[in-house]
Enquirer: 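Structure provided below as structure tokens; questions to follow.
This one's a predicted model, so the numbers in the text were calculated from it and none came from an experiment.
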Amino acid sequence: MLLGLKRHYKKRCQGRMRKHVGDLCLQAGMLQDALVHYHMSVELLRSVNDFLWLGAALEGLCSASVIYHYPGGTGGKTGARRLQGSSLPSEAANRHRPGAQEVLIDPGALTTNGINPDTSTEIGRAKNCLSPEDIIDKYKEAISYYSKYKNAGVIELEACVKAVRVLAIQKRGMEASEFLQNAVYINLRQLSEEEKIQRYSILSELYELIGFHRKSAFFKRVAAMQCVAPSITEPGWRACYKLLLETLPGYSLSLDPKDFNKGTHRGWAAVQMRLLHELVYASRRMGNPALSVRHLSFLLQTMLDFLSDQEKKDVTQSLENYTAKCPGTMEPITLPDGLTLPPVPFTKLPIVRCVKLLSLPTSLRPQKVKSLLGQTMSTKSPFIYSPIIPHSRGEERSKKIDFQWVQGDVCEVQLMVYNPMPFELRVENMGLLTSGVEFESLPAALSLPAESGLYPVTLVGVPQTTGTITVNGYHTTVFGVFSDCLLDNLPGVKTSGSTVEVIPALPRLQISTSLPRSAHSLQPSSGDEISTNVSVQLYNGETQPLVITLENIGLEPLEQLEVTSKLLTTKDGISVSGFPMSSPFRQVVRPRVESRPTNPSEGSKTGDLGHLKTLEAVLNFKYSGGPGHVEGYYRNLSLGLHVEVEPSVFFTRVSTLPATSTRQCHLLLDVFNSTEHELTVCARNNSELILHASECQRMAIQVDKFNFESVPESPGEKGHFANLKQLEEERQEARGLEISSKLDIRWRIPSLKRSGEASIEGLLNQLVLEHLQLAPLQWDVLVDGQPCDCEAAAACQVGDPVHLEVRLTNRSPHSVGPFALTVVPFQDHQNGVHNYDLQDVISFVGSSTFYLDTVQPAGQSACLGALLFLYTGDFFLHIRFHEDCKSKELPPSWFCLPSVHVRALEAQA
């Protein structure tokens with residue numbers, strides 16, 4: 001029994017001594033001796049179950065083998081074999097202990113330092129050196145022995161660390177993670193806070209070493225939290241913040257917001273948000289509010305899609321509290337260790353989906369004066385296409401817009417935005433970011449409803465110089481954070497171009513009229529837009545003055561102004577008078593709208609004339625001035641006029657009756673009141689006719705016959721008309737205008753205090769016109785030198801000769817005559833009986849037949865005679881033409897002579 005104990009004790013002592021000697025040899029650089037002694041120690045200690053020292057011997061054996069296999073050490077990522085002449089001293093190999101003969105190595109294969117330069121051969125011959133796989137197995141065995149002792153936690157942890165470093169070199173990450181997982185659960189004695197931080201930091205480094213980045217970040221974050229544990233009297237917030245920053249790569253988190261615009265989101269958003277919250281809190285406890293604002297802005301910008309509605313409200317409320325003390329800026333923040341935090345623009349508050357540069361309003365849009373060739377020619381190349389021209393022009397064209405802005409004028413950019421927040425979003429100081437020319441941005445403030453959907457926002461500014469301007473983005477202030485949002489950094493933004501040309505300044509005219517603006521916008525066939533539209537409601541024939549005022553509200557002088565007018569539509573027989581201009585800056589437009597039935601034969605159908613009619617016209621003002629005028633630019637201001645014409649008075653029928661005078665006739669008009677009001681109608685020198693609503697009455701007007709001026713009929717002038725029918729229409733229209741102007745028929749609605757004129761133009765047929773026209777041969781009969789062409793009788797005395805003169809004026813284009821006329825006296829008994837047997841009552845002084853010679857065009861001829869009345873009474877003289885070849889060639893209407901009434905009175909004593 002004692003002998004056995006003594007032998008057991010001896011082996012244990014020998015084994016421990018061998019282990020101790022192996023440690024000394026290892027420290028002395030005697031690698032082969034160390035391997036021998038470690039092997040001997042393992043065998044001796046295993047036989048006596050001395051597990052603690054057995055584990056230490058196995059660890060030493062592993063250490064010696066690691067040095068042999070990886071002479072570069074385990075601190076780096078690679079362990080290169082040390083070649084001959086390395087740091088091991090040459091004399092170390094000569095210090096060979098007596099037990100060295102137990103090494104199963106061929107001494108002839110060794111060099112002076114005991115290591116063969118050829119690694120493969122040396123490992124094959126050094127039987128005591130563990131292979132890489134055996135090293136890990138022996139580490140596991142050693143750690144299992146250490147775990148049997150509660151007080152061996154530190155050396156167990158060290159063995160795990162050593163094994164992990166070896167496995168890292170061998171790139172066996174999964175096995176290394178098992179060792180680290182075991183190291184996490186090793187129960188050590190009470191550690192200080194600093195030791196705990198060191199322990200977690202080392203675990204993080206080891207996980208990083210084997211490629212477990214998220215696991216490494218986890219333990220580094222635990223170390224950061226340990227820096228500010230409640231048990232620490234003075235928490236190390238700076239150390240905590242520094243460690244938290246180091247965990248960012250492990251959680252696939254970058255502090256550059258541009259990295260979050262590339263593809264899908266990487267990493268666990270919930271963990272990332274927790275880490276960002278911890279960074280915000282740590283920076284606040286550090287006393288750096290700007291850092292807190294930057295991290296909180298980053299959290300809101302990059303994690304917006306993963307925040308719940310309540311979290312969005314909480315984060316924005318915290319951000320507003322922070323920015324109340326320290327507003328967010330676009331300046332980079334540089335930390336003491338040299339790390340720079342880039343600015344965080346709020347490109348999602350609000351989210352922009354479309355950016356569109358708007359052209360100037362129609363009235364301010366500049367236009368280029370066309371060249372002689374009718375188009376703007378490029379001065380860069382005389383060829384339409386050249387293969388030498390770089391293909392980058394297509395890219396420039398895709399970004400440059402085909403309209404221009406004007407220096408000094410307000411320009412607009414429209415953004416389609418929406419609010420992703422569950423509450424109202426207030427955006428302040430929103431303006432444009434530009435380059436290329438000096439630009440004055442006019443900031444705007446807006447309030448977007450919760451989850452508003454696409455909402456148009458217009459940003460404005462004024463270019464101060466000329467050139468090419470590029471809209472790079474916009475700036476905002478949201479929750480106290482100032483942001484510069486560039487279009488290139490906005491994902492999914494649609495834009496039709498961001499570059500536009502700014503031309504020199506032009507004057508700006510503002511138009512105002514005496515008529516109200518119209519909601520009806522005219523659409524000219526040319527496609528031009530009307531800048532201002534006015535409307536007026538008129539009755540047919542009513543006149544409305546239109547006063548147009550042009551005011552130059554720009555800074556440049558007005559140097560050129562051209563005014564033109566154009567009638568767009570004349571429907572349903574509407575006609576309009578011209579546009580008289582009173583001055584360059586005060587235009588008075590007096591449209592006179594008239595109505596006539598398109599088919600005179602159907603004029604009696606008053607129901608066809610009672611519908612509403614419209615008239616549309618446009619006034620164009622082309623103007624220029626200032627530097628823009630020098631460069632050949634101008635502006636076009638247009639005024640659209642929309643007139644609604646309601647029916648007033650219609651003439652359903654026109655006829656004539658002869659008057660007592662050959663130079664007059666009676667015009668009979670059937671007048672219809674198509675309004676809903678009572679109105680009065682009157683002609684020149686006639687009494688008023690009262691018409692009730694929808695009432696029709698006949699109106700008689702005595703008018704002088706007209707001497708219509710003939711339309712030119714020369715062959716050259718006839719060529720202006722398409723055919724004879726058009727020529728006749730032109731004649732009839734001219735006669736109708738002349739008759740209407742002479743009649744001057746006007747209507748008046750007393751209840752509305754409105755009045756206008758009525759026209760019979762278009763209702764006059766050929767028969768009526770013939771009755772209204774003076775005959776080309778104008779006959780005048782004079783009694784005692786006084787013309788007789790009326791109902792009044794010429795007085796004479798019985799027994800006195802009465803001089804009779806017949807005068808002819810030829811107004812026809814041809815010569816007429818000669819003519820023979822006979823004077824036949826008669827008495828009218830007022831009962832339809834005429835008495836021609838007056839030979840004993842009237843005596844002719846000379847012949848009763850008169851002769852007229854040939855009368856040339858525009859010539860005049862007269863014949864004279866005398867009568868002697870023997871008795872008193874009323875007598876009439878009928879003048880007849882002798883039927884001959886000359887008179888038969890002319891129409892009967894040309895021989896219309898006035899009747900002569902003579903009253904013979906008693907001779908005075």
Side-chain angles (χ1 to χ4, degrees), residues 257-258 293-294 297 300-301 316 319-320 323-324 326-332 342-361 364 399-401 403-421 424-449 452 454-502 505 555:
K258 295 180 182 179
V293 171
R294 181 60 52 86
S297 302
L300 190 59
Q301 168 68 19
T316 54
L319 184 58
E320 287 181 331
T323 54
C326 180
T329 65
M330 288 296 294
E331 298 295 330
V344 182
F346 277 157
T347 59
K348 294 184 179 180
L349 297 173
I351 296 177
V352 177
R353 281 288 175 257
C354 179
V355 177
K356 182 180 181 181
L357 278 66
L358 302 181
S359 178
L360 293 174
L364 299 178
K399 287 190 175 182
K400 194 167 184 178
I401 307 177
F403 58 78
Q404 295 89 25
W405 285 349
V406 180
Q407 174 188 358
D409 284 4
V410 176
C411 306
E412 298 179 336
V413 177
Q414 187 182 69
L415 281 68
M416 298 300 296
V417 303
Y418 74 89
N419 174 21
M421 305 301 281
E424 184 181 26
L425 180 64
R426 296 188 304 275
V427 183
E428 301 173 355
N429 192 35
M430 191 172 189
L432 295 173
L433 298 175
T434 61
S435 63
V437 303
E438 184 180 346
F439 187 81
E440 179 187 359
S441 178
L442 305 177
L446 60 143
S447 180
L448 298 176
S452 60
L454 285 180
Y455 188 87
V457 174
T458 302
L459 302 181
V460 299
V462 180
Q464 302 295 332
T465 57
T466 61
T468 301
I469 185 172
T470 301
V471 177
N472 300 319
Y474 61 93
H475 62 80
T476 60
T477 300
V478 181
F479 305 127
V481 178
F482 184 83
S483 303
D484 287 342
C485 304
L486 302 180
L487 298 182
D488 294 339
N489 298 334
L490 299 180
V493 172
K494 296 181 180 179
T495 176
S496 58
S498 57
T499 302
V500 67
E501 181 185 0
V502 179
L555 300 178

Enquirer: To the nearest 0.5 Å, what is the distance between CZ (Arg294) and CD (Glu331)?
Expert: 8.5 Å

Enquirer: Does any part of the side chain of Met421, heavy atoms only, come nearer than 4.5 Å to the side chain of Thr316, both counted from C-beta?
Expert: yes

Enquirer: Out of curiosity, Leu432 CG to Cys411 SG, how far, rounded to the nearest 0.5 Å?
Expert: 9.5 Å

Enquirer: Tell me, do Val417 and Leu448 make a side-chain contact under 4.5 Å, heavy atoms counted?
Expert: yes

Enquirer: Return yes if some donor-acceptor pair links the side-chain N/O of Gln407 with the main-chain N/O of Gln464 below 3.5 Å, else return no.
Expert: yes

Enquirer: Flag yes if more than 12 heavy atoms outside Tyr455 fall under 6.0 Å of its OH atom; otherwise flag no.
Expert: no

Enquirer: Do Leu433 and Asp484 touch side chain to side chain, with heavy atoms closer than 4.5 Å?
Expert: yes

Enquirer: Only counting residues at least two apart or in another chain, list the ones meeting side chain to side chain donor-acceptor pair (under 3.5 Å) with Glu424.
Expert: Ser447

Enquirer: When rounded to the nearest 0.5 angstrom, what distance separates OG in Ser441 from OH in Tyr474?
Expert: 13.5 Å

Enquirer: State the CD-CG distance between Glu412 and Leu459, to the nearest 0.5 angstrom.
Expert: 9.5 Å

Enquirer: Considering all heavy atoms of both residues, which atom of Leu319 and which atom of Leu300 are nearest to each other, and what is their separation?
Expert: CD2-CD2, 4.1 Å

Enquirer: Hey, does the side chain of Ser483 reach the backbone of Cys485 with a donor-acceptor pair shorter than 3.5 angstrom?
Expert: no

Enquirer: Counting C-beta onward and ignoring hydrogens, is there a side-chain heavy-atom pair between Val478 and Leu425 closer than 4.5 Å?
Expert: yes

Enquirer: Which atom names give the shortest non-hydrogen contact between Val293 and Ser297, and what distance separates them?
Expert: O-OG, 2.7 Å

Enquirer: Which pairs with one or both residues in residues 427-442 pass salt bridge (charged side-chain N to carboxylate O under 4.0 Å, His left out), sequence neighbours excluded?
Expert: none

Enquirer: Out of curiosity, Ile469 CD1 to Thr434 OG1, how far, rounded to the nearest 0.5 Å?
Expert: 4.0 Å

Enquirer: Hey, are the side chains of Thr466 and Val437 touching, using non-hydrogen atoms and a 4.5 Å cut-off?
Expert: no

Enquirer: Which pair of non-hydrogen atoms, one from Glu320 and one from Phe479, has the smallest distance, and what is that distance?
Expert: OE2-CD2, 3.4 Å

Enquirer: Would the number of heavy atoms belonging to other residues, nucleotides or ligands and lying under 6.0 Å from CG of Leu442 be above 12?
Expert: yes

Enquirer: Throw together a table of side-chain donor-acceptor distances under 3.5 angstrom for residues 342-359, partners on residues two or more places apart or in other chains.
Expert:
unit_1, atom_1, unit_2, atom_2, d
Thr347, OG1, Gln301, NE2, 2.6
Ser359, OG, Arg365, NE, 3.1

Enquirer: Out of curiosity, Leu360 CG to Trp405 CH2, how far, rounded to the nearest 0.5 Å?
Expert: 8.5 Å

Enquirer: Testing the basics here: between Asn429 and Pro443, what is the closest heavy-atom pair and its distance to 0.1 Å?
Expert: OD1-CB, 3.3 Å

